[in-house]
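Quick notes on the structure that follows.
Owing to the predicted nature of the structure, the values given are computational and were not obtained by experimental measurement. Hydrogens, waters and symmetry mates play no part in the numbers below; they use all other heavy atoms, side chains included.
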Amino acid sequence: MANNKSRKVFINLAVRDLKRSMDFFGGLGFEFNPQFTDDKAACMIINEDAYAMLLTEPFFKGFTKREICNTSTHSEGLFALSCDSRTEVDEMVKKAVASGGKHAMDPMDHGF
């Protein structure tokens with residue numbers, strides 16, 4: 001890719017309950033593009049070049065021959081979003097836990 005052209009990224013994630021997932025991420029302040037949202041999938045806007053596609057498990061299975069990861073016992077991936085301050089990080093974690101999320105680990109400060 002010698003061309004440094006900006007690209008959009010669409011991260012596809014399997015979800016068991018689409019409405020609950022949308023409510024969770026909506027509670028964190030994310031919005032959804034209604035043009036790409038229906039009863040099988042929701043397009044969560046991260047920024048103008050990054051999106052997370054939340055796909056119901058049956059719909060997700062239509063794109064792969066592999067099994068879907070059981071995230072109650074296995075890690076599917078590690079995803080990170082930038083924040084402007086440690087305070088913003090703490091507030092986002094607080095909202096996530098209040099919306100049903102769980103702490104994965106104790107907070108760590110990597111110094112950046």
Quick one: ring-ring contact (aromatic ring centres under 6.0 Å, His included) partners of F32, sequence neighbours excluded? none

ILVMFWY network linking I45 to V9, side-chain heavy atoms under 4.5 angstrom: no

same_hphob_cluster(L28, V89) at 4.5 Å side-chain heavy-atom cutoff: no

Distance col, row M44:CE vs L13:CG, nearest 0.5 angstrom, shows 7.5 Å

Supply the atom-to-atom distance C43 SG to E31 CD, rounded to the nearest 0.5 angstrom. 11.5 Å

Decide if atom CZ of R16 counts as having more than 12 heavy atoms of other residues, nucleotides or ligands within a radius under 6.0 Å. yes

Is the number of heavy atoms from other residues, nucleotides or ligands within 6.0 Å of CG (N47) greater than 12? yes

Output a table of donor-acceptor pairs, distance under 3.5 Å, between side-chain atoms of residues 91-100 and any protein atom two or more places apart or on a different chain; print 'none' if there are none.
from	atom 1	to	atom 2	distance (Å)
S99	OG	K95	O	3.0

Could I get the full list of side chain to side chain donor-acceptor pair (under 3.5 Å) partners for D23, not counting sequence neighbours? K19

Applying side chain to side chain donor-acceptor pair (under 3.5 Å), can you list everything that pairs with N33, at least two apart in sequence or on another chain? none

By salt bridge (charged side-chain N to carboxylate O under 4.0 Å, His left out), which residues pair with D38, not counting sequence neighbours? none

Residues that [X] engages under side-chain contact (heavy atoms from CB on, under 4.5 Å), provided they are two or more places apart:
X	result
K8	F10, D49, Y51
M105	M108
S85	T87, E88
D39	none

Pairwise ring pair (Phe, Tyr, Trp, His ring centres under 6.0 Å) hits with a residue in residues 11-31, at least two apart: none

Could you pull out every donor-acceptor pair under 3.5 Å between side chains of residues 52-67 and any protein atom, sequence neighbours left out?
from	atom 1	to	atom 2	distance (Å)
T56	OG1	K40	O	3.4
T64	OG1	R66	N	3.1

Over all atoms of both residues, closest heavy-atom pair of L18 and A41: CD2-N, 3.6 Å

